[in-house]
Amino acid sequence: MMLSTATLYALCGAAMIGIGVYGFIVRAHLLRRVLAFNVIGSGVFLFLGALGYRAPQAGADPVPHALIITGIVVALSLTALAVALVLKHAEEAGRAVLPEEDREET
Amino acid sequence: MGALLTLPLLELTVGLPLAATLLAIVSGRFSSGLVLGIGPAMLALAVLLCLAVGSHGPLEVAVGGWAVPLGIALGADGLSAVFVMTGAIIMPAVALFARRAFGSDPAETTQSFTFWPLFFAMWAALNAIFVGRDLFNFYVALELLTLTAVAMVAYGGTAAALRYMIFALMGSLAYMTGVALLYASAATLDIGLLSEAIEPDRAVVLAGGLMTAGLLAKTALFPLHAWLPPAHGNAPAPASALLSALVVKASFFIIVRIWFHVMPDAQSPWLVQTLGLLGACAVIYGSLLAIRQGRLKLVIAYSTVAQIGYLFFIFPLADGSAFALPWAAGAWTGGIFHALSHAFAKAALFLAAGLIIEALGHDRIADMKGIARALPMTMAAFGLAALSIMGLPPSGGFMAKYLMLTSALAGGQIFYALVMIAGGLLAVIYLFRPLNAAFAGSHVPEIAPVPKARQTIPLALALIATIIGLASSIPYQFLQIGLPEVLEGGTE
């Protein structure tokens with residue numbers, strides 16, 4: 001079976017979501033969690049972008065693109081707030097890990 | 001009355017608080033006074049919106065003249081109108097209360113500068129959800145809401161804010177993935193178009209499940225509630241009131257929109273029973289933990305965990321497979337009633353707790369003996385609001401539980417009826433402890449003075465929670481406007 005370009009991108013997006021979710025759950029360091037959030041987000045956007053190109057003869061569907069751009073802005077502002085909070089927490093607690101998950105990382 | 005429809009009511013409900021957000025940023029130390037102008041304007045707008053919906057039925061506008069599916073519509077039915085109205089009463093009340101803690105007198109502080117833009121942005125996000133007609137617009141509004149809510153929680157401690165943020169980030173990604181899947185299967189995100197186009201196949205059910213899971217994390221339904229008590233319990237009292245009364249209801253509102261307006265056919269027995277069981281666990285677990293708390297604000301926060309559980313009883317009680325049954329509409333309306341009366345009662349409880357903290361400097365229940373004699377008006381507000389949370393007549397909470405209980409019994413769902421009764425009894429226990437301490441002894445404790453004017457705010461909110469029960473027919477009739485089609489067979 002031949003993979004179409006769009007399907008390949010959609011599968012890559014799904015793989016990124018998987019990698020991100022793994023990182024989000026396994027890593028206790030808060031900065032890594034923020035990164036994992038961004039990896040998942042990129043995966044979702046890649047998946048969404050691939051959806052817009054499912055019928056190449058009809059041209060690309062512009063709606064997913066608009067959604068992705070808006071989504072990136074939202075993700076960026078959430079990331080900014082999250083990083084600011086992580087910095088504040090690290091200043092106060094000395095470590096960028098939530099108290100209940102504070103164990104030595106390998 | 002036709003002139004009402006020519007006013008840009010829906011656009012202003014979202015646009016006005018958004019404009020106020022910008023104004024609050026530039027107006028510096030005057031920003032705490034902004035609400036004196038914006039509050040009455042928003043209240044008037046909400047009244048006009050209710051009148052318009054009441055006389056003309058559900059409204060819908062294509063913003064900027066762009067029709068769906070290209071444009072994004074705003075719309076209001078009875079459900080939207082009562083939530084906008086609830087927000088238009090609670091937000092200004094909390095703002096008046098917050099003017100002391102977050103005012104610029106004598107000097108401007110970080111908190112007094114940041115609170116007001118956050119406050120108005122939160123209002124805009126709430127209204128954008130209540131009048132939203134587009135699933136992606138819900139996402140944007142929900143993220144704006146999360147942003148403001150997390151920032152307000154951060155006033156009380158960064159660890160609590162981060163814990164909330166982690167749940168919220170996961171929730172927003174799950175919701176976004178669901179939206180992507182739904183767009184893949186239906187090629188539209190408008191609620192009206194979706195409800196016609198949608199086929200309940202596997203992809204759609206998966207999309208609905210992902211969106212719901214994400215929203216549950218933001219609503220803090222058991223077992224995703226762990227972030228709520230520290231976040232709501234440690235934030236400043238006005239912030240806690242907004243978070244418990246309105247913010248968690250907004251994500252619940254979207255869940256209702258998804259399952260009753262967009263894809264009612266996709267409701268399966270498995271789904272409705274899961275949501276109902278999680279709700280039942282929340283009621284029992286949240287109440288038991290509320291009993292064990294030593295601090296007043298934590299008791300109220302765990303009570304929110306418990307009360308959120310009741311909201312999800314509408315799924316099994318207005319069961320998808322039994323929509324045509326006469327009690328389905330009653331159960332649905334009862335659940336919405338519960339969301340409204342809980343909003344007023346919980347805002348009153350948190351503000352009353354805030355006044356007690358100002359008077360005593362702490363909120364340890366064991367050390368507040370006799371506070372009722374020093375702050376009689378505040379404790380009256382606390383007691384009235386507590387009646388509504390316990391579900392005793394004649395409060396709004398009683399009407400809500402009565403509607404849900406009768407539909408549970410009519411539908412033979414004895415389990416949920418028993419959980420509701422048990423939840424009511426547990427609420428009596430956990431709210432009796434602070435009340436008992438407040439009336440204990442016979443001396444009048446030494447307290448820092450609390451102005452009478454500020455004590456009237458929680459009292460007014462608690463009175464509204466009671467009036468909802470006494471004059472329940474007005475909101476009841478109102479909620480039937482634009483009732484989900486699936487429930488129409490069940491109106492009685």
Novice: Is the shortest heavy-atom distance from the side chain of A:I40 to the side chain of B:M170 under 4.5 Å?
Specialist: yes

Novice: Which heavy-atom pair separates A:L85 from B:A154 by the least distance, and what is that distance?
Specialist: CD2-CB, 3.8 Å

Novice: If I take atom CG from residue A:L98 and atom CD1 from residue B:I166, how far apart are they, to the nearest 0.5 angstrom?
Specialist: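 Answer rounded to 0.5 Å: 4.5 Å.
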
Novice: Can you tell me how far CG of A:L67 sits from CE of B:M176, rounded to the nearest 0.5 angstrom?
Specialist: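 B:M176 atom CE to A:L67 atom CG measures 6.0 Å (nearest 0.5 Å).
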
Novice: Nearest heavy-atom pair of A:G71 and B:F136: which atoms, and what distance?
Specialist: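 Distance-wise, the nearest heavy atoms are N-CZ, 4.1 Å.
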
Novice: Please classify the contact between A:F24 and chain B as side chain, backbone, both or neither, with a heavy-atom cut-off of under 4.5 Å.
Specialist: side chain

Novice: Where do B:A180 and A:L48 come nearest, in terms of heavy atoms and distance?
Specialist: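 In this case the closest contact between B:A180 and A:L48 is CB-CD1, 3.5 Å.
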
Novice: What residues, two or more places apart in sequence or in another chain, satisfy side chain to side chain contact (heavy atoms under 4.5 Å, CB included) together with B:A20?
Specialist: B:I38, B:F120

Novice: Under the side chain to side chain contact (heavy atoms under 4.5 Å, CB included) test, which residues partner A:L8, sequence neighbours left out?
Specialist: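 Checked A:L8 against side chain to side chain contact (heavy atoms under 4.5 Å, CB included); matches are A:L3.
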
Novice: Is it the side chain or the backbone of B:V179 that comes within 4.5 Å of chain A heavy atoms, both, or neither?
Specialist: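 Neither part; nothing is under 4.5 Å.
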
Novice: For A:L35, enumerate each residue passing the side chain to side chain contact (heavy atoms under 4.5 Å, CB included) test, keeping only those at least two apart in sequence or located in another chain.
Specialist: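 Not a single residue meets the side chain to side chain contact (heavy atoms under 4.5 Å, CB included) criterion with A:L35.
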
Novice: Pull every donor-acceptor pair under 3.5 angstrom between chain A and chain B and give the atom names with distances.
Specialist:
from, atom 1, to, atom 2, distance (Å)
A:R54, NH1, B:A184, O, 3.4
A:R54, NH2, B:A184, O, 3.0
A:D61, OD2, B:Y183, OH, 2.5
A:E92, OE1, B:T158, OG1, 2.7
A:E100, OE1, B:R163, NH2, 3.0
A:E100, OE2, B:R163, NE, 2.7

Novice: Heavy-atom cut-off 4.5 Å, strictly under: side chain, backbone, both or neither for B:L144 against chain A?
Specialist: neither

Novice: Quick one: of A:V44, A:L78, A:V63, who has the most non-hydrogen atom pairs under 4.5 Å with chain B?
Specialist: A:L78

Novice: Going from CG on B:L162 to CG on A:L81, what distance comes out if it is rounded to the nearest 0.5 angstrom?
Specialist: 9.0 Å

Novice: In terms of heavy-atom proximity below 4.5 Å to chain B, should A:V86 be classed as side chain, backbone, both, or neither?
Specialist: both

Novice: So which of A:V21, A:V34, A:V74, A:I17 has the biggest tally of heavy-atom pairs under 4.5 Å with chain B?
Specialist: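 Among A:V21, A:V34, A:V74, A:I17, the one with the most close pairs to chain B is A:V74.
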
